[in-house]
Each structure stands twice: as C-alpha cells, then as structure tokens.
Amino acid sequence: MELKWALLLLGLFLESSESRGCNIGYERKNNICVDTNECAPALSVCGDHSNCFNTDGSYHCTCKEGFQSAPPIFTATTGDCRDINECLAETQTCSSDMNCVNTIGSYECICPPGYRKTRTDSGCEDVDECLSSVCGVHSSCINTPGSFQCICSSGFLKHENGTCADINECSKGQDVCGTNGICNNNVGSYSCKCHEGYSNYGNDRSKCIEMSCDHFEVESDTKDVPVKLKHLLALLKSSCESLRDPNGGHQKGEELLENVFTSTDELLSEGNIADGATLSHFLDAVENSMRLIGPQLKEPLTRIETHNTFAEVAVMRSQAPPSGRVTLNTDPALFKTSWETVVGNSYPGFAFAALVSYKELNSSADLLQKMSREKSDDKERNVTYLLSSKVVTAVVSNAETKQLSEPVTLIFTHVEERAESEDMSYSCVYWDEAEGAWSGRGCERAWSNSTHTECSCSHLSSFAVLMALYPVQDTLELLMITRVGLALSLVCLFLCILTFKFCRSIQGTRTSIHLHLSICLFIADLVFLCGISSTQNKVGCSIVAGLLHFFFLSAFCWMLLEGVQLYRMVVLVFHTTIKHLYMYLVGYGVPLVIVSTSAIAYPKGYGTDRHCWLSLDFIWSFFAPVCIIVVLNSFVFIITVWKLAEKFSSLNPDLSKLRNIRGFTVTAMAQLCVLGGMWVFGCFLFQEKGTQVALYLFTILNSLQGALLFVLHCLLSKAVRDEYCKLITRICSLKEMYSEFSTNQSSNSQQPLRSDQTTGESKI
Ligand SMILES: *[C@@H]1O[C@H](CO)[C@@H](O)[C@H](O)[C@H]1NC(C)=O
Ligand SMILES: *[C@@H]1O[C@H](CO)[C@@H](O)[C@H](O)[C@H]1NC(C)=O
Ligand SMILES: *[C@@H]1O[C@H](CO)[C@@H](O)[C@H](O)[C@H]1NC(C)=O
C-alpha cells in the first residue's frame, strides 16, 4: 500500500511540470487542465474487491457485493474491502437441512454427506446407495437416511474384513436336525436327511421326528367300514410311507390336500356315515390326514373348499417357536387359539393349525339321543337333540390335545336362525370316539344368540353345537281342562249315541249320520284322552296316531254326508234316504283309504317324540283332506241355503218342513264351524312354536264338541225332548206302579204318552 501511494505521489510529481497551474485532480493536456482519471486500471487506487468511480477532479471507492469496508464509500487513504461471512447473517438462504459454506465474496449451500440436492434445489434428499451394489455377495443392502448398511443373509456371518461368510450350522454342536437325522451343510444353509422311520415332513431344515403310519391302517376285522373310507385311508397310508422313506420322492402337500378332500367329498356325498363307529373312523382319518398334510403345505395360509368340505390351514416355519394369536375361519365356524397352544411342548421347526368343516355330515338321530344319557333329568323330560351347526374338526400340530393349558374358542354359525327359549337351548359338544356319542365334557358354552354360539373347549377334536328341544310343559290347568272337558264330552257323546240309536221317533237317515258322527268323535276323544302322550311305546304310539287320524277324518266325512243329506231334503221330495252302504263307503271307506295309503307311504309319520299324532312334515295328510271336505261342505251348504230360499218364495211352500230344514242346516253349519275351527287352532298346536292361546282354544273346543252335539241334536230337538220326557215319566210311573202295586195293587190306566204325536222330523 505504501508503495502504491509513493508511486501515485511520484506520478503526480512527474506530471507536475506539465500540469503546473492545474488544481489537484487535474492535469494539463495541450495547455488545458483536464480531469485526471484516477480509476484507470494502471493506477488501481481503490484496492481489490472494490469499484472505483471517477469524479470531476477526484474519485471514490465502494466495495463489491460480498465485501465490506469501514465507511461504505472511501478513497485510497481510508481503507480497503474485506470479505463478508454471509453464513453468519440472517439473510443467507440455505434451507435448514443444508450446510452454509462461506466463500470469498459469496457463500454456498451444501447438502451433508449421503444427501444430495433435490432437482429444484429446494432442499436435500437421501441418496439410495443400495442402487449401486455396494454390499457384495450374501448380504443385503439396507438404505438409511444419509447412509446404508450391509446385512449378511441368513446362514452367513459378517467376517472381520466386512465380507459375509457361510455359517456351518452342522458343526455348531446344536442338534438342528435332532438326533434322528443327518445334517448337511451347504452354502448359506443346511438340510436334514432323516433316518428311516423319521420325517420332517419335507421341511428340510426341521428336526426329524418319529413318524408312524399305523393309524392309516384299516383293521381287517372291521367289515362295515365304507369302501370310500378304505380308499381314503389307503391314499393317506401310501403318502405317509413315502414321507418316511428317506430316498422316496413324495407328493406336494397341496396336491395331497386336494386328493384327500376329493375323496372325503365322495365319501360324504353318498351319506356313508351311518353309525357311530364309522363316524369315529372318518373323523379320525380327517384329523390324521391334517397332521400329515399340514406341515407339508408351503403357503402360510391355505384355504380349500369342495362340495362338502371347507378347510383352512395356517402354517408357520421359523427357528424360534411362533407366538401370538391364530384365527381360522370357514363359513360354518371360526377357530381361535394362540400359537403357544398350537406348538405345545416340543417345537420341531414348524407348526400348523387346521379347521375342517363338513357341510353335510348328518349324524343320525340315534347318535344324538345318546347325549341324553349324560343328563338324567333330560331323559325323564324326553329331550330331543338336533345338530344346529355344521360339524367341524380342529387340528393343531401339538399332539397333546387332551388337556390344553389354555382353552380354544370356536364360534359356530347356526344352520337355522333361532333364539333360545324355554323349550330350546344350545350346547357345545364334541364327538367322543371312545363312547361313540356326542358329549359336552370339557366344552363350555360362552354365549349364544339366535345366529351364533361361542364354545370354549379345553381339548381338541371334532365339534358341533347341539340344540336340545324340551317338551312343552303342559300346565296343570290345561291338563285339567283337557281331562274334565274330554270326560264331559265323552259323557255327552255317549248320551247322543244312546239317543240316536234307541229314540224311535227320530229314526232316519240324518239320525244315522249323527249316530256315526257321535261314535267317531267318541272313539277319537277316548283315544285322545288315553293315548295322546303315551310316546314311550313306539308301536303303540303309531297306532294311537293312526286311530286318531282315521276317526277325526271320519267325523269330517260324516259331516259332509249330513250336508249332502240336507241338500237332498231340500231338493228331492221323495226318496231322500241314502243307502247305508253308500254312507259307510264315504264315512268310513274314504278315511280308511287315506290312512292306509299314508301309513304305507310313510309309516314314520305316525307318532312323534312329543305326541302320538302325525309328525309335522306329514300333517298335511290330515289337513289336506280336512280342508277339501270343509270346502266341499261349505259349498253344499251354500247351495242348500240358496235352494231353501227359492222354496220359501215359491207358490205354496211347505212352511213347517222348510223351517225344520232351515233349523237343521244352521245346526249343521254351527257344527262344522266348531269342528273345523278346532282344527284351525290344532294346526298351530303341534308346531314346535305352538302358541299358548291356540293350545287353550283347541283344548276347549275339543272338549266341548261332544256337549255341543248333545245340545244341538238332542236338547234342542222337540222330538228328542219328548222322548226323554216319556222315558222319565215311564221310569217315574214304573216306580209309582211298583209302589202302588206293593200297596194298593189298583190297576193303572195310564196311556202311553202321545206316541202318535210325532213331529215331522221322523217322517222326513
Ligand atoms: C476376508 O476374509 C476372508 C476369510 O479370511 C477371506 O476369505 C476373504 O478373501 C477376505 N476378503 C477380502 C476382500 O479381503
Ligand atoms: C343332511 O341333512 C340335511 C338337512 O337335514 C339334508 O338336506 C341332507 O340331504 C342330508 N344329507 C345326507 C347325506 O343325508
Ligand atoms: C350374534 O352375535 C354375533 C357375534 O357377536 C353377531 O355378529 C351377530 O350379528 C349376532 N346375531 C344377532 C341376531 O344378534
């Protein structure tokens, strides 16, 4: 600097000879004083990083951008420009994830190592170092923010120099293959070759465990094992043997599963499972097949659905035993447990859980009834059991499933939506192979609603939900009404029979019809009173049901005959009697044909577990004829009433006769209404959900119909009343005669009472 100033002064001095007479800052050129350009580059009066501005007679300096000096505008004597550290200033524009670096006269924004600027320069982004293979073989690269990591693949270990080297699993003194297999190390892995009789189910890196194929043996002495089941067992056995053979190739698990389920399907669709022993065999075979196939499946979750079966299998393979929950879901049921329960005490390197549902596995009624042995009060109450869910089999790799440490959960979907009620309850059961029956031991019901039941079971096997139907408890009062009513009915009907049979003044076709109607109702009521609930004796019960079927139908037929007879009385003037043969043919023949046809076609329909009456699916063999008869009869009545009206309005109506017939018709219609109405309620009565009201109405109408018949046909009929009076008087006079005879022996001149004075009734 000193030098610069010295040079400047020297220059000015040298020029002074010529610029003499000019002020400072001017120089003489051609004898004129002109301004000196101090900013000429040769002079560089302002120093570095500055801008020089020449003015008239002087100059000044400013710093360039990025530099500063003490006074912002200066001349050579005052100072020079120094770099500004912009990174310290508020005005720097680097984003927060960038580093600010000061440079001479400026600054730069730089991303930290492992990051680079984004395209738009707005910030920094991570560089994925794994895109270029930086890690070498047998290792995998994991990108991290700003960096990356190399992890050795399983089966390899990181060497000191950073490369991954194979681990020799076989040499470590760990028995990775168990004591029953030979370990072979290979690069990055190993495999176990099992000794004969042991297997790791195709899982090369699992321990070899003992394997027996004996349970797929068909015992030669059991003859009644269905052929299809034998085929299934043979298939499983050969597959099992090939697994045991260390040199044998074996089928893939998925293929085997499909084969087994195809066989199972065939077996089920033929309805082969008839008895307990076969059912045990079958369920056993399914369980063992799942134990065989489960470990061979490659996918973590396999689902298979065929026509008759639905299965889900979950498989886990890992060095350490798995933990956590496992849930398997097929439409008919849900199976929930924990992997700890599935694994049990020994873990060979794999674990599986399977749930198999059978869509159409019907357990016959006998098998279900065995349940009742367990609960003695059920037997007394005559409880009926039905399967209300599909049957499912739950299998896990743990072989010790008799007593689980933690209960498993099964949620069943009911086949039919139905809420529990007084006469129905759900219970959880399993198939007890030893007993050959369904059993509730070790299975608790957690809850039920109308569509689902949850079961909690402390062992594993095949499960289902049973529906127990309790008989409707006939209340005492209802029983009393029935008994008393029926007794009253029987007495009245008996009186009717006597009257119709012996009352001479009213003999005729209608009376014959009434007689047979009364007989039918009398027998039906008697049988009903004595036999309706004698369900213990199956044959007796069927006979009771048959008799009731016959006599009630017969009663309806006789009522139809009465309708027809009334019609004839209106329309025909003479020959109004019907031949007895024809009457019997309709009155007894028709019901006989119906009952015998029904009995031959479906003998099981007679007698149920709760009543000696027709079973529900068969009730139409009664109601259909009844409906037809009632409709026919109503039709006949309508025609009769119409004809009657016509006659009343004819020229000379025979008024007394017509009034009589009108009376009879009304009576007959009332009777049809009572008997028909009774069976309308009866319709509901034998249904499972029979309402209390229908039950009462049926019982009351049934009890009263005998009394009604007696009132309508005997007490309301003048002829019959007269006959009764005659009879009573005769009895009285006999007494009188006897007393008179004994005292006086005077002759009695009493006339037989108005025997000629008969009403028109008997003549018709
Ligand atoms: C690292 O060490 C292993 C074992 O000593 C050796 O085989 C390998 O060649 C080494 N790798 C490098 C890159 O030095
Ligand atoms: C099983 O029962 C259901 C309903 O109860 C019936 O539809 C089906 O035909 C039965 N299947 C066999 C094989 O008996
Ligand atoms: C019964 O319970 C199950 C499970 O909680 C539920 O999904 C279903 O809707 C319930 N059904 C009824 C009728 O409430």
Side-chain angles (χ1 to χ4, degrees), residues 290 300-306 308-314 323-342 352-363 368 371 375 378 383-396 401 404-431 438-473 616 684 687-694:
M290 291 322 291
L301 191 71
T302 309
R303 275 168 87 88
I304 179 165
E305 184 169 7
T306 61
N308 277 318
T309 47
F310 196 157
E312 199 166 273
V313 191
S323 62
R325 307 292 303 169
V326 50
T327 302
L328 297 176
N329 192 1
T330 61
D331 286 344
L334 190 83
F335 174 43
K336 285 200 257 187
T337 183
S338 65
W339 279 110
E340 285 82 356
T341 310
V342 170
F352 76 92
L355 178 67
V356 186
S357 308
Y358 314 100
K359 292 185 201 164
E360 272 201 25
L361 178 66
N362 296 350
S363 191
L368 292 173
M371 250 308 271
K375 299 185 202 157
D378 276 7
V383 181
T384 325
Y385 293 96
L386 293 174
L387 276 183
S388 72
S389 73
K390 304 290 183 205
V391 178
V392 304
T393 298
V395 191
V396 296
T401 52
L404 300 173
S405 54
E406 179 201 3
V408 297
T409 301
L410 286 150
I411 300 175
F412 288 93
T413 309
H414 297 162
V415 175
E416 185 188 5
E417 184 172 341
R418 183 162 173 194
E420 273 195 313
S421 61
E422 259 171 47
D423 54 358
M424 202 275 287
S425 73
Y426 291 113
S427 52
C428 299
V429 291
Y430 77 99
W431 180 252
W438 293 100
S439 163
R441 253 174 287 128
C443 260
E444 303 248 314
R445 196 189 72 172
W447 53 260
S448 270
N449 61 20
S450 60
T451 53
H452 294 83
T453 294
E454 180 179 318
C455 301
S456 171
C457 297
S458 60
H459 53 81
L460 278 176
S461 135
S462 295
F463 302 94
V465 173
L466 273 196
M467 178 160 72
L469 296 170
Y470 303 103
V472 172
Q473 300 272 292
L616 273 184
F684 302 108
Q687 311 260 326
E688 276 161 29
K689 298 169 190 168
T691 63
Q692 262 344 62
V693 181

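Read the numbers this way: they start at 1 and go in the same order the structure lists the ligands and their atoms. Just so it is clear, the values below take in all heavy atoms, side chains as well, and ignore hydrogens, waters and symmetry mates.
Scanning all heavy atoms of the two residues, the minimum distance from Tyr426 to Asn449 falls at CE1-O, 4.2 Å.
For Glu454 and Lys336, the salt-bridge test fails: no basic side-chain N is under 4.0 Å from an acidic carboxylate O.
A donor-acceptor pair is defined here as one N or O able to donate and one able to accept, closer than 3.5 Å; such a pair exists between the side chain of His459 and the backbone of Arg441. Side chain of Ser456 to main chain of Pro407: no donor-acceptor pair is present (N/O by atom type, distance under 3.5 Å, no hydrogens or angles).
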Please give the N or O to N or O pairs under 3.5 Å between ligand 3 and the protein, distances rounded to 0.1 Å.
residue: ligand 3; atom: 2 (O); partner: Asn449; partner atom: ND2; Å: 2.3
residue: ligand 3; atom: 11 (N); partner: Asn449; partner atom: ND2; Å: 3.0
residue: ligand 3; atom: 11 (N); partner: Thr451; partner atom: OG1; Å: 2.9

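Summarising the local packing, CD of Glu444 is surrounded by 12 or fewer heavy atoms from other residues, nucleotides or ligands at distances under 6.0 Å.
The SG atoms of Cys443 and Cys457 lie less than 2.5 Å from each other.
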